[in-house]
Visitor: 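First the structure, then my questions, so here it is.
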Amino acid sequence: MKVRTRFAPSPTGFLHIGGARTALYNWLYARHHGGAFVLRVEDTDAERSTKESMDVILDGLRWLGLEWDEGPGVGGEFGPYNQSERVSIYDRYLAKLEEAGQVYEDEGAIRFRVPDKDYTVQDEVCGEVSTNLKERGSTRFDAETKQEVAANPDIIIKRPNGGYIFHFVNVVDDIEMGITHVIRGEDHLSNTPKHLALYEAFDVAPPVFAHIPLNLNPNGTKMSKRDKGALIHEYQSEGFIADAVNNYMALLGWSGKDDQEIFTLSDLKERFDLGGVNKSNSKFDYTKCCWVNGEHLKKLPGDELQALANPFLEAAEIPIKDPRIEAALDLARERAQLLSEIPEVVATIFASEVEYDSDSVEKVVNREGMKEVVTALTNGLKTVGSWTEADIKSGIADAAASIEAKMGALMFPCRVATMGSTSGADLVPVLQLLGKEETVKRLEGFSTNYL
RNA sequence: GACCCGUUCGUCUAGUGGUUAGGACACCGCCCUUUCACGGCGGUAACACGAGUUCAAGUCUCGUACGGGUCGCCA
């Protein structure tokens, strides 16, 4: 049987890290097993669903590279893929239940009669979980009064206004779309017996279920929009690489059982399976997510790095067509974790005026004999013949020798004078990219303005 | 509150009865780089607690605690 998984977002907000990870696991499982990944839009709540939200979610999935085989924009033989367009299908399934006498009207809504029996979920992650809905549902906890109140355990499947409810449409569509594996958040584990009861009522064998642990914020509570790293579209603007985000999301709740931590999407596709999924919730760690991104940045082929970095370089007004850009990016990738950090590392190479960081200048300017040091540097570098890294280095060494100083004592001042800051890319390669003329100009400028 | 799920370094995790409990992020130290960083090496740091089963328990069982989830005419 061909594996068919689905991601079924409700277009009522942003694409959240939890949803994205669910999508990723479904995508990976389908791809790993040569199956199909279906995208279905659960927009039965007309009041809360918006097109803007849908666009954000679709864009997020596209950015992550989780392309779907069936769904909005691509079609498929089980469409339409928006639940709002599938009402006639739901009507048909409701008729089946009516015929069997399993539903009844209650204050305008339609309820499904829950059988008084145990339903056992055979979960690929959580194991066997049994529940009797009738027993469990005979009371309800009222959050305001904090008391148990009597409740009707029979589940509402249709609103008085005619709109169908999640549990019902979810099951009907999974049946209609031939979904074989339902991989979703553990928050649905307690709902699954309801779904099982519906599968039984329709006389259809349920799919394989896998409930994956939730991702929490560092405080151990539910991740909200305000938590760093919660919203997928922000990863893009903050300079993350999509594969790195996939990599980190995969790691929150799944392990390849060995020491490998850096995976491309294609590595994950090969390695991912339900057996590696954990049972316990995990807390999101933004710092590690950045580290993962940095590792991906280091491995990125030059042309891909260039393409991804361009928007950030342009925003910083760095000329992306400059012939030195490739070399500059290679310097930057060694020290940046995010694409957004690249401009600050390389900006000084392309700047017409050096921006001097006052703290850095402070550290250097008051040192004894600084004027001589910078003068020696200027003279030493002026005499360098071919402007190669090796010759620049020996030029600095010569300058050091001429004033009987250690080379190390010249590196820092040289860095500040030419780059404007104590931190940044490798000094010598930067000087090489700057060119002899510009380097000397900057040294002389620094000398006259600050010494 | 009832029911369900979970609990290994601060965090992500490896571990399926016998391990000096391993790795990664973070943190600290040393080295390298005659520069900031990268990198290399090393260090601090964990089996929630209590019983039981067993020659032997992080691994199995039960209880307790703690955390999370569900109990919608949201999904």
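First the proteins, then the strands, lettered A, B, ... as listed; each starts at 1.
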Visitor: Given the P atoms of A21(B) and G43(B), what is the spacing between them in whole Å?
Guide: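 My reading of the P atoms in A21(B) and G43(B) gives 15 Å.
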Visitor: Let me know the distance between CD of Glu334(A) and P of U35(B), rounded to the nearest Å.
Guide: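 Rounded to whole Å, this separation is 17 Å.
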Visitor: Measure all distances between protein nitrogen or oxygen atoms and nitrogen or oxygen atoms of nucleotides 4-14 of chain B, and list the pairs falling under 3.5 Å.
Guide:
unit_1 : atom_1 : unit_2    : atom_2 : d
C5(B)  : O2'    : Glu186(A) : OE2    : 3.4
C12(B) : OP1    : Lys283(A) : N      : 2.9
C12(B) : O2'    : Leu251(A) : O      : 3.2
U13(B) : OP1    : Gly253(A) : N      : 2.8
A14(B) : OP1    : Lys257(A) : NZ     : 3.1
A14(B) : OP2    : Asn278(A) : ND2    : 3.3

Visitor: Start at the 5' end of RNA chain B and walk down; is the nucleotide closest to Ala425(A) or to Asn152(A) reached first?
Guide: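 Between the two, 5'-proximity favours Ala425(A).
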Visitor: Under 4.0 Å between any heavy atoms, over every strand shown, what does His167(A) touch: base, sugar-phosphate, or nothing? Just pick one.
Guide: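 Base contact.
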Visitor: Counting only N and O atoms by type, is there a donor-acceptor contact under 3.5 Å from the side chain of Asn26(A) to the main-chain atoms of Val182(A)?
Guide: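 Pair absent, no side-chain N/O of Asn26(A) close to backbone of Val182(A).
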Visitor: Carefully, step by step, assess Leu434(A) and Arg442(A) under the rule side-chain contact (heavy atoms from CB on, under 4.5 Å).
Guide: CA-CA 10 Å; Leu434(A) 238 31; Arg442(A) 290 185 179 191; 3.6 Å; yes
Visitor: Under 6.0 Å between ring centres: does that hold for Phe37(A) and Phe7(A)?
Guide: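 No, the ring of Phe37(A) stays outside the 6.0 Å limit from the ring of Phe7(A), centre to centre.
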Visitor: Can you figure out which of G22(B), G68(B), C73(B) approaches the side chain of Asp259(A) most closely?
Guide: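 Among G22(B), G68(B), C73(B), the one nearest the side chain of Asp259(A) is G22(B).
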Visitor: Give the nucleotide from the list U34(B), G69(B), C74(B) with an atom nearest to the side chain of Ile165(A).
Guide: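 The answer is C74(B), which lies nearest to the side chain.
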Visitor: Can you tell me the distance, in whole Å, between the CD1 atom of Ile212(A) and the P atom of G68(B)?
Guide: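 Spelled out: CD1 on Ile212(A) to P on G68(B) is 19 Å.
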Visitor: Under 4.0 angstrom, heavy atoms only, what part of the nucleic acid is Lys158(A) near: base, sugar-phosphate, or nothing?
Guide: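 The residue Lys158(A) makes no contact with any strand.
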Visitor: So, is C38(B) syn or anti if syn means the angle is within 90° of 0?
Guide: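 You should classify C38(B) as syn.
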Visitor: Could you state the NE2-C1' distance from His188(A) to C3(B), rounded to the nearest angstrom?
Guide: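 Going from His188(A) (NE2) to C3(B) (C1'), I get 18 Å.
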Visitor: When you measure from the side chain of Thr221(A), which nucleotide among A75(B), U34(B), G68(B) comes out closest?
Guide: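 Per side-chain heavy atoms of Thr221(A), the pick is G68(B).
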Visitor: Which of the following nucleotides, U70(B), G39(B), U35(B), is nearest to the side chain of Glu295(A)?
Guide: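 Nucleotide nearest to Glu295(A)'s side chain: G39(B).
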Visitor: If we call it a pair only when both distances are under 3.5 Å in a Watson-Crick or G-U wobble match, what pairs with A57(B)?
Guide: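 Its partner is none (no Watson-Crick or G-U wobble pair with both distances under 3.5 Å).
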Visitor: Just compare A75(B), C36(B), A2(B) and give me whichever is closest to any side-chain atom of Arg335(A).
Guide: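 Of the candidates, C36(B) comes closest.
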Visitor: Can a salt bridge be assigned to the pair Lys117(A) and Glu200(A) using a cut-off of 4.0 Å between side-chain N and carboxylate O?
Guide: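 Result for this pair is yes, salt bridge flagged.
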Visitor: Between C71(B) and Arg140(A), counting only base atoms on the nucleotide and side-chain atoms on the residue, is there a donor-acceptor pair under 3.5 Å?
Guide: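 Side chain to base: no pair below 3.5 Å.
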Visitor: What I'd like to find out is whether the side chain of Asp227(A) reaches to under 4.5 Å of the side chain of Phe284(A), using heavy atoms alone.
Guide: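 When only atoms from C-beta onward are counted, Phe284(A) and Asp227(A) do not touch, as no gap falls below 4.5 Å.
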Visitor: Who is the Watson-Crick or G-U wobble partner of A24(B), with both distances under 3.5 Å?
Guide: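 Partner of A24(B): U11(B).
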Visitor: Check the distance between U33(B)'s P and Leu331(A)'s CG and give it to me in whole angstrom.
Guide: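 Rounded to whole Å, this separation is 20 Å.
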Visitor: Mind checking who G1(B) pairs with, Watson-Crick or G-U wobble, both distances under 3.5 Å?
Guide: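 Pairing partner: C71(B).
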Visitor: Taking pairing as Watson-Crick or G-U wobble with both contacts under 3.5 Å, can you name the mate of U35(B), or confirm there isn't one?
Guide: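 Paired with U35(B), as far as the under-3.5 Å criterion goes, is no nucleotide at all.
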Visitor: Could you let me know what G6(B) is paired to, Watson-Crick or G-U wobble, both distances under 3.5 Å, or none if it's on its own?
Guide: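 Because both required distances fall under 3.5 Å, G6(B) counts as paired with C66(B).
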Visitor: Restricting to non-hydrogen atoms, name the atom on Val208(A) and the atom on Glu124(A) that form the minimum distance, rounded to 0.1 Å.
Guide: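 For Val208(A) versus Glu124(A), the nearest heavy atoms are CG1-CG, 3.3 Å.
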Visitor: Counting only side-chain N and O atoms of Lys393(A), is one of them less than 4.0 Å from OP1 or OP2 of U35(B)?
Guide: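 No.
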Visitor: Is it true that Asp174(A) and Arg40(A) have a side-chain N and a carboxylate O under 4.0 angstrom from each other?
Guide: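 A salt bridge links Asp174(A) with Arg40(A).
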Visitor: Rounding to an integer number of angstrom, what distance separates U54(B) and C62(B) when you compare their C1' atoms?
Guide: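 To the nearest whole Å, 16 Å.
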Visitor: Under 4.0 Å between a side-chain N/O of Thr139(A) and OP1 or OP2 of C71(B), yes or no?
Guide: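 So the side chain of Thr139(A) is outside the cut-off, no N or O lying under 4.0 Å from OP1 or OP2 of C71(B).
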Visitor: Identify the nucleotide, in any strand shown, that forms a Watson-Crick or G-U wobble pair with U19(B), with both distances under 3.5 Å; if there is none, say none.
Guide: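 Base partner found: none.
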Visitor: For Gly424(A), report the nucleic acid contact type (base, sugar-phosphate, nothing); a contact means any heavy atom under 4.0 Å.
Guide: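 Since a base atom lies under 4.0 Å of Gly424(A), the category is base.
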Visitor: Need the pair for C41(B). Rule: Watson-Crick or G-U wobble, both distances under 3.5 Å, any strand; none if unpaired.
Guide: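 Pairing partner: G29(B).
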Visitor: Can you tell me the Watson-Crick or wobble partner of A46(B), both distances under 3.5 angstrom?
Guide: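 None - no nucleotide pairs with A46(B), as no candidate has both distances under 3.5 Å.
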Visitor: Side chain of Met411(A): nearest nucleotide among C73(B), A2(B), U35(B)?
Guide: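 Of all the options, the side chain of Met411(A) is nearest to U35(B).
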Visitor: Expressed as a whole number of angstroms, how long is the span from Ile157(A):CD1 to G72(B):P?
Guide: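 Whole-Å distance recorded here is 16 Å.
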Visitor: Can you tell me which nucleotide in G1(B), G39(B), G68(B) comes closest to the side chain of Lys298(A)?
Guide: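 The answer is G39(B), which lies nearest to the side chain.
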Visitor: Expressed as a whole number of angstroms, how long is the span from Leu431(A):CG to C36(B):P?
Guide: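 Going from CG in Leu431(A) over to P in C36(B) covers 15 Å.
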Visitor: If we take the P atom in both G23(B) and A45(B), what is their distance in whole Å?
Guide: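 Those two atoms are separated by 14 Å.
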Visitor: Could you tell me the separation between the CD1 atom of Ile392(A) and the C1' atom of U34(B), rounded to a whole number of Å?
Guide: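 So the two atoms are 16 Å apart, to the nearest Å.
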Visitor: Asn132(A) CG to C3(B) P: how many Å, rounded?
Guide: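 That distance rounds to 13 Å.
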Visitor: With P as the reference atom in both, quote the distance from G29(B) to U70(B) in angstrom, rounded to an integer.
Guide: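 Here G29(B) and U70(B) have their P atoms 44 Å from each other.
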Visitor: Answer yes when Arg140(A) and Asp142(A) have at least one side-chain N-carboxylate O distance shorter than 4.0 Å, and no when they do not.
Guide: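 Answer for the salt bridge query: yes.
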Visitor: Using a 4.0 Å heavy-atom cut-off across all strands, classify Leu427(A) as base, sugar-phosphate, or nothing.
Guide: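 Base, at least one base atom sits under 4.0 Å.
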Visitor: Please determine whether a side-chain nitrogen or oxygen atom of Arg159(A) lies at a distance below 4.0 Å from atom OP1 or OP2 of A75(B).
Guide: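 Checking A75(B) against Arg159(A), a side-chain N or O does come within under 4.0 Å of OP1 or OP2.
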Visitor: Heavy-atom distance under 4.5 Å between the side chains of Leu433(A) and Glu438(A), does that happen here?
Guide: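 Result no, sub-4.5 Å side-chain heavy-atom pair not found.
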Visitor: Should the side chain of Asp426(A) and the base of C36(B) be counted as holding a donor-acceptor pair, with the cut-off at 3.5 Å?
Guide: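 Result: at least one qualifying N/O pair found.
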Visitor: Can Glu295(A) and Lys298(A) be counted as an ion pair, charged N to O under 4.0 angstrom?
Guide: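 A salt bridge links Glu295(A) with Lys298(A).
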Visitor: Testing the basics here: between Leu381(A) and Trp387(A), what is the closest heavy-atom pair and its distance to 0.1 Å?
Guide: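 Taking Leu381(A) first and Trp387(A) second, the nearest heavy atoms are O-CZ3, 3.8 Å.
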Visitor: Write down the distance separating the C1' atoms in A51(B) and U13(B), rounded off to the nearest Å.
Guide: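 Between the two C1' atoms, the distance is 29 Å.
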Visitor: Taking atom P in both C12(B) and U20(B), what distance in whole Å separates the two?
Guide: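 After rounding to an integer number of Å, I get 27 Å for this pair.
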Visitor: Using the P atom as the point on both nucleotides, what is the distance between C4(B) and G63(B), in whole Å?
Guide: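 These two P atoms come out 11 Å apart once rounded.
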Visitor: Under 4.0 Å between any heavy atoms, over every strand shown, what does Thr12(A) touch: base, sugar-phosphate, or nothing? Just pick one.
Guide: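 The residue Thr12(A) makes no contact with any strand.
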Visitor: Which value, in whole Å, describes the distance between the C1' atoms of nucleotides U16(B) and C28(B)?
Guide: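 About 35 Å, rounded to a whole number of Å.
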Visitor: Under 4.0 angstrom, heavy atoms only, what part of the nucleic acid is Asn191(A) near: base, sugar-phosphate, or nothing?
Guide: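 Base contact.
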Visitor: Determine whether more than 12 heavy atoms belonging to other residues, nucleotides or ligands lie under 6.0 Å from atom NZ of Lys222(A).
Guide: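 At most 12 heavy atoms, drawn from other residues, nucleotides or ligands, come within 6.0 Å of this atom.
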Visitor: Need to verify one output field. Residue with the more 5' nearest nucleotide on RNA chain B, Ser10(A) or Trp291(A)?
Guide: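 With Ser10(A) and Trp291(A) compared, the 5'-side residue is Trp291(A).
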